[in-house]
Amino acid sequence: MAAPTKDGRGAIAPGGVIGIMGGGQLGRMTALAAAELGYRCHVFCPEQDGPTEQVAAAATIAAYDDAVALDAFAAAVDVVTFEFENVPHESVQRLAGRVPVRPGWNVLRVSQDRLVEKRFVEAAGVPVTRFAEITGPDSLAKALAEIGAPAVLKTTRMGYDGKGQVLVEPGMDPAEAWARMGGPVGILEGFVDFECEISVIVARGPDGATAHFEPVRNVHRDHILHTTTVPAGLAAETGAAAVAAALRITEVLDVVGLLAVEMFVARDGRVLVNEIAPRPHNSGHWTIDACACSQFEQFVRAVCGLPLGDPARHSDAVMTNLIGDEAGDWPAFLAEPGACLHLYGKAESRPGRKMGHVTRLGRKASRKT
Ligand code: AMP
């Protein structure tokens with residue numbers, strides 16, 4: 001018998017069909033975890049033969065705004081979720097009129113725009129770096145006078161992995177920085193002199209129950225995540241502040257599913273939120289091999305209204321992304337004891353493209369033998 005959930009609908013029991021918008025590696029690993037619990041996944045994405053489609057039970061290959069395809073998709077699934085948050089507003093609302101959509105439109109709306117996101121996080125009482133809306137070289141000059149350089153200018157929408165970002169050094173011409181950013185609206189952020197970058201992933205079910213993975217330490221290379229290390233080696237109060245911030249945003253945003261919260265630990269000890277993502281996150285891939293319940297299984301449980309799993313870690317772990325040609329070293333990773341290799345099935349390797357990851361496990365330091 002299906003358990004009732006807060007939004008009045010029963011849990012989606014194993015055997016059901018989960019619709020996933022977006023066809024990349026996050027959808028692939030979600031579909032694999034869903035299959036382990038007896039679900040089938042139906043992917044909706046514009047590209048043929050993507051990482052998710054290769055392992056999904058069904059696929060709709062269509063543009064995100066194809067109304068006929070969206071209606072047929074909604075009729076074929078029990079719930080819809082996202083591995084890609086930049087799905088058009090109208091499409092999400094169309095789906096939501098026909099089938100439960102988790103997380104809901106408001107969560108996507110906030111996370112699609114860096115300015116809306118920063119304002120939301122600040123209004124929730126969670127610290128962020130100083131920021132200002134930028135609409136052209138003049139407003140950039142004014143904001144630089146207030147915030148100071150160096151600062152980081154980012155496009156508000158569709159920017160990821162450092163795309164659409166400019167480091168504005170002292171003395172740089174605002175017109176040049178604006179032109180290099182290349183978007184209609186920007187956000188200027190005070191440069192954070194950080195000690196390290198961390199993230200926390202929270203799962204939340206339709207009944208409001210939450211579970212979080214412990215904070216992890218992230219190192220970026222060329223703006224792309226390079227490694228995630230756990231344990232993060234943080235002071236207890238820093239870890240607690242990071243978890244409290246992530247839980248607070250998850251609750252206020254009313255997320256059903258997963259929320260990944262990326263943060264800076266500033267040299268003065270403050271924990272400042274950089275960005276949020278309402279889906280599985282690259283900094284949570286280590287959980288596949290180092291936790292009894294991975295972020296992907298937890299995502300499936302949350303979206304389907306099942307009890308959340310135990311997020312505890314059984315091993316220490318270092319996850320390294322395999323970017324571009326790095327995945328070509330797969331024979332060496334396979335030969336390495338304690339290394340868990342994950343490849344995403346992408347046919348073409350390009351510089352900067354995430355092709356896979358390898359997680360190296362170690363004995364959990366605190367475990368008694
Ligand atoms: P983002 O696309 O916002 O995740 O930024 C990518 C990376 O750029 C971050 O992980 C940081 O390493 C760096 N970065 C972004 N914003 C700032 C900032 N305000 N201060 C310092 N470094 C930043």
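In each ligand, atom 1 is the first atom listed, and ligand 1 is the first ligand listed.
- Using a cutoff of 4.0 Å between basic side-chain nitrogens and carboxylate oxygens, E214 and K364 are not scored as salt-bridged.
- The pair E251-R204 meets the salt-bridge criterion, with a side-chain N (NZ, NE, NH1 or NH2) lying under 4.0 Å from an Asp/Glu carboxylate O.
- By the criterion of a heavy-atom distance under 4.0 Å, both the backbone and the side chain of V192 are placed next to ligand 1.
- When the heavy-atom distances from atom 15 (C) of ligand 1 to E275, K154, E189 are ranked, the shortest goes to K154.
- Contact analysis puts G190 in contact with ligand 1, with a non-hydrogen atom separation below 4.0 angstrom.
- Ion pair E336/R360 flagged as a salt bridge, since at least one NZ, NE, NH1 or NH2 atom sits closer than 4.0 Å to an Asp/Glu carboxylate oxygen.
- In this structure, the side chains of I61 and C45 come closer than 4.5 Å at one or more pairs of heavy atoms.
- For atom 9 (C) of ligand 1, the choice among E197, H223, E262 with the nearest heavy atom turns out to be E197.
- With no hydrogens or angles considered, no side-chain donor-acceptor pair links S91 and D65 at under 3.5 Å.
- Contact atoms of ligand 1 toward H220: 10 (O) (distance under 4.0 Å to a heavy atom of the residue).
- Only side-chain heavy atoms of N274 come within less than 4.0 Å of ligand 1; its backbone N, CA, C and O stay farther off.
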